[in-house]
Amino acid sequence: MYNHRSIEQKWIQKWEDGFVSYGVGNTESEQKKYILVEFPFPSGAGLHVGHIRSYVAQDIKARMYRMQGYQVLYPIGWDAFGLPTENYAIQNNISPAIATADNIANFKKQLAVLGLSFDWSREINTTDPKYYKWTQWIWLQMFKAGLAYQDKTQVWWCEELKTVLANEEVIDGKSERGGYPCTRVPLRQWMLAITKYADRLDRDLDTVDYLPVIKTQQRNWIGRSEGVQLKFKITNSTEFVEVFTTRIDTLFGVTFLVLAPEHSLLNKITTAEYQAQVQQYQEQTKSKSDLDRQQEKDKTGVFTGAYATSPLNGKQIPIWTADYVLMNYGTGAVMAVPAHDERDREFAKKYKLEIINVITEGNILENSDLYNGLSTTEAKLKLTKELSNQNLGQQKVQYKLRDWVFSRQRYWGEPFPIVWISEYNYRQLAGNVTESLPPQAITREVDGVLQYAVPLSVTDLPLELPEVESYIPQGLGDGPLAQAKDWVEVWYDTTTGRAVSRKNPRPDNNWVEGMRETDTMPNWAGSSWYYLRYIDPNNDAVLSDKNLLEKWLPVDLYNGGMEHVTVHLLYSRFWHKFLYDIGVVSTIEPYKTRIKHGMILAEGGVKMSKSKGNTVDPIEMVELFGADSLRVYEMFMGPYDEAIAWDTKGLIGCSRFLKRIYQWIISIKSKDLELVDNIPKLDYDTHYLIKKITQDIDNQKYNTCISSLMEYLNLYNTKDIGIDNIQIYIKLLAPFAPHLAEELWEILGEISTVHLSRWPKYDESKLLQSQVDYQIHINGKMRDIINVSANSSHSDIEFKALDSSKVKNILGDNKPKKIIINKDKHIVIIIN
RNA sequence: GCUGGUGUGGUGGAAUGGUAGACACGAAGGACUCAAAAUCCUUUGGAGGCAACUCCGUAACGGUUCAAGUCCGUUCACCAGCACCA
């Protein structure tokens, strides 16, 4: 009897004892495959069946490639910083470090029974100071390059989590983690200038092989649009209002301008008469949450009393302010063309503003002076040129993408390697420090005193998290690190950039008073570059050896969830491009191919959740049915990239399938391998199976791999089919059910592991048959199948087809009008 | 609203433009058993027929084609992402 428990335990032990190893050095081949799965966040909940789906799928690939002789890198690690651990730690009154260690230990224990061929010698952990030393190092390079800066802007604040969040982390006004309400507040934060890379992040998508839906989503998020930025002179003033438009062809249809209520020009241009109503409107807007502003159906706004002059025809245009214009896109002001823009039209109708049609149904300009009769495309070109000649406007590319809010007022993240010093001390900087400064000094004001951000010396990295008394966040402003006085207050060496606690005596006159930054980095920091560290996980001198990076990059296949497309995937592409610019990596993109996995839902098609009590514990499934059954089931359940509901019955079916394989091999063994290869179809079927599985694994079609293996078993498990074929079958099974395959391999008398045996190659000549079936289609309907020898002439085939009694019956007295023969497939007879 | 995607038996799903429903689950019947479980065998889209077989059938309607689940158009439904982005 097939006993999954004893077989799996036996092989887990033997593998651990060195029977097989999955390091990259198993082959002489220079060809490599770097297969990456998104590393898990080690939550207290333990492994989810969804984790297993993607790990097993890529494990299958890794195993096949290894057997095909590639050098395969298939690593795993822990994305362990972040809010959930911190919240868990606060609730249980333990340190996040201990909670993380516990959770990782649990995850590892669970992963160990699944037969995954990860190279554990490369395990990484983002919370390990040896790791985040390099996260800090990369950030320092960004600081020096001027990409890291501080800005006081409207940022998302989550009161429940007591921290700011990035745009990407707020969904429908709620935090991505936990679903807590968020509000917009003006706060000074560390930012990363990802918008400087917007163009490349968009354009270089052309060079990678991502699923179309992933590219589209990234493109939408980056939101590139080409248009014209132009100036409207304010009448009776020297000021100009700048607007951005993608429809410069509608310039003569502009009947008013709208400024966002936060626009800085607003107060300057508003006439005395309208001052009060504008101010009231601004106040009103401020008190509204973003959510309110979004949900409001009716457009509102007020007139400012001011007018602007339209650049080409001198027309006087009233200036309004309205909250449907957003301050943080474009210039915060728009030229309103009510005839050709739905929002402007709605506004114009409500406030009885003029509407001028300038584009005909046929996309030709009208009411546009010299430009009448031009197509919109021509008009865009000419108008852009004219405005540019008059110095009133120029072509401009605008992005929806915003800079990345990069600080959190929480404990469990990487500390910023930054010290704040006084203006006076800033002027004393010398040597290495000055070389590491950004082009523009970064300052903040504390109690009316200006402070300057200066970088910590690389020799001081990693800057480790201090012990604190409480991990509870403080509210707007300071994070928990601010309490660690001995850590925060330092002596800073103005010549080397090193810092020591002010508990110590001041080393010498070069050392000045400083305060460490007390915000921490968001959890996306460590995951932005982890694929580089796997390549050389223990290097202390550089983040990864240059030659090894050359060898392994780009990642050949990156598997992850759709929820990371506009967050992690975009961020890590940005970091990679930056590292390319400073010469650390030599590819412009980190990931050659990106695929997605589908979610596993609870029975009934709803999300699994603890509160609903509908979760499936994968480890319990392993105990009941075995890891191999679980693996096979998760691959068989449906197309890999689609969401699918769990069904334990299906798992039982897969377990039966493995049992039958086992029985089959045992029965063969009992016949002392006296096997005869006497089945004519066998060669064809075996080579067809090799081809099918090899290709399907490459194309993530794991479900049809399993059905092919089942079909083969159904056909041949009652026949004596020859040891060669059995061996091939076990090799093909090995990536899917590694424990069982290893056991069967041993039963067949093999002494070394099946997992490093040669993957079978299919022989095209075996896929050619001497006799082939032709389907006879009459007027498109399949009517008969005839079997003819493969080298028959067309006229032979035709003769035989017309000789079929079924064909004769249908044809009757009709003469075929035309006969088409598709080689080895169809004879198509057309009567009418 | 915009963008992308998906609609196939009782269920999960298969199908380079060429036998729709592979494979599996479930169900029904049978064998083994004192009985049950496990296992094995048979049937399983609908309608008609004793049968060979025939007709219908892939969300709806239309089109291209000798031939459409597959390609094109329109509509409907559902899923995902974005959402006053000028």
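Below, read A as the first sequence line, B as the second, and so on, with proteins coming before strands; counting in each chain starts at 1.
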_Separation of the C1' atoms in B:A24 and B:C32, to the nearest angstrom_ = 25 Å
*asked:* Heavy atoms from C-beta onward define the side chain here; which of B:A80, B:G18, B:C84 lies closest to that of A:Q217?
replied: B:A80
*Just compare B:C84, B:A22, B:G18 and give me whichever is closest to any side-chain atom of A:L326.*
B:C84
*Indicate, with a heavy-atom threshold strictly under 4.0 Å, whether A:P212 touches base, sugar-phosphate, or nothing.*
nothing
*asked:* Between A:Y716 and A:Y729, is the ring centroid distance below 6.0 Å?
replied: no
*Between B:G4, B:C66, B:A86, which one does the side chain of A:T216 approach most closely?*
B:G4
*Rounding to the closest angstrom, what is the interatomic distance between B:U16 and B:A22 at atom C1'?*
16 Å
_Whole-angstrom distance between B:U44 and B:C82, as gauged at atom C1'_ = 46 Å
*Closest listed nucleotide, where the reference is the side chain of A:D323 and the choices are B:C84, B:G18, B:G81*: B:C84
_Surrounding NZ of A:K350 (heavy atoms of other residues, nucleotides or ligands, distance under 6.0 Å), is the total greater than 12?_
yes
*Any donor and acceptor pair, going by atom type alone, linking the side chain of A:D344 with main-chain N or O of A:V337 inside 3.5 Å?*
yes
*Considering only side-chain heavy atoms of A:T704, which listed nucleotide, B:A14, B:A86, B:U16, is closest?*
B:A14
_B:G62 to B:G13 separation - P atoms, rounded to the nearest Å_ = 29 Å
*Could you tell me whether A:E242 and A:K396 make a salt bridge, using a distance below 4.0 angstrom between a side-chain N and a carboxylate O?*
no
*Take nucleotides 38-57 of chain B nucleotide by nucleotide from the 5' end and write B, S or -, depending on whether a protein heavy atom sits under 4.0 Å from the base, only from the sugar-phosphate, or from neither.*
-SS-------------SSS-
*Which nucleotide, B:G26, B:C84, B:A86, lies nearest any side-chain atom of A:K649?*
B:G26
*Do the side chain of A:T321 and the main chain of A:V302 share a donor and acceptor less than 3.5 angstrom apart?*
no
*Heavy atoms under 4.0 Å, any strand shown: does A:K215 hit a base, just sugar-phosphate, or nothing?*
nothing
*With heavy atoms under 4.0 Å as the rule, sort A:N220 into base, sugar-phosphate or nothing.*
sugar-phosphate
*Anti/syn call for B:G9, syn if |chi| within 90°*: syn
_Between B:U65 (C1') and A:I829 (CD1): distance, integer Å_ = 18 Å
_Under a plain distance cut-off of 3.5 Å, with no hydrogens placed, do A:D628 and A:H4 share a side-chain donor-acceptor pair?_
no
*Above 12 or not: heavy atoms from other molecules or residues under 6.0 Å from CD of A:E342?*
no
_Check this one for me: any side-chain N or O of A:S707 less than 4.0 Å away from OP1 or OP2 of B:G13?_
no
*asked:* With rounding to the closest Å, how many angstrom separate the C1' atoms on B:A31 and B:G21?
replied: 29 Å
*Select base, sugar-phosphate, or nothing to describe what A:E711 touches, counting heavy atoms under 4.0 Å on all strands.*
sugar-phosphate
*Gap in Å between the two C1' atoms, one belonging to B:A68 and one to B:U58, rounded*: 11 Å
*What is the nucleic acid contact for A:N822, judged by heavy atoms within less than 4.0 Å: base, sugar-phosphate only, or nothing?*
base
*Looking at B:C66, B:C82, B:G18, which one has an atom nearest to any side-chain atom of A:H777?*
B:G18
*When you check the phosphate oxygens OP1 and OP2 of B:G4, does a side-chain N or O of A:K596 lie under 4.0 Å from one of them?*
no
*If you check every side-chain atom of A:I644, which of B:C84, B:A24, B:G12 has the closest atom?*
B:G12
*For the side chain of A:Q282 and the backbone of A:P261, is there at least one donor-acceptor N/O pair under 3.5 Å apart?*
yes
_Taking atom CD as the centre, does A:Q663 end up with more than 12 heavy-atom neighbours from other residues, nucleotides or ligands that are less than 6.0 angstrom away?_
yes
*Tell me, yes or no, whether the heavy-atom count around A:F303 atom CZ, taken from other residues, nucleotides or ligands under 6.0 Å, exceeds 12.*
yes
*Rounded to the nearest 0.5 Å, what separation is found between the CG atom of A:D323 and the CD atom of A:E262?*
8.5 Å
*Considering only the P atoms, how many Å lie between B:A51 and B:G45, rounded to the nearest integer?*
16 Å
*Under 30°, 30 to 60°, or over 60°: which ring-plane class applies to A:F347 and A:Y324, parallel, tilted or perpendicular?*
tilted
*asked:* For a quick test of reading the model: is some side-chain N or O of A:N703 closer than 4.0 Å to OP1 or OP2 of B:A14?
replied: yes
*asked:* Expressed as a whole number of angstroms, how long is the span from A:M635:CE to B:C25:C1'?
replied: 18 Å
*What would the secondary structure line of RNA chain B be in dot-bracket form, counting Watson-Crick and G-U wobble pairs under 3.5 Å, with [ ] for pairs that cross earlier ones and | for pairs with another strand?*
(((((((..(((.....[....)))((((((.......))))))((((....))))..(((((..]....))))))))))))....
*Indicate whether OP1 or OP2 belonging to B:A24 is found under 4.0 Å from a side-chain N or O atom of A:N714.*
yes
*asked:* Does A:K299 contact B:C84 through a side-chain donor or acceptor facing the base, at a distance under 3.5 Å?
replied: yes
*For A:G223, report the nucleic acid contact type (base, sugar-phosphate, nothing); a contact means any heavy atom under 4.0 Å.*
nothing
*Among B:G4, B:G18, B:C23, which is the nearest nucleotide to the side chain of A:M710?*
B:C23
*Between B:C84, B:A86, B:U19, which nucleotide has the shortest distance from any of its atoms to the side chain of A:I785?*
B:U19
*Taking atom P in both B:G10 and B:G46, compute the distance separating them and give it to the nearest angstrom.*
8 Å
*Pick base, sugar-phosphate or nothing for A:T331, based on heavy-atom distances below 4.0 Å to the nucleic acid.*
nothing
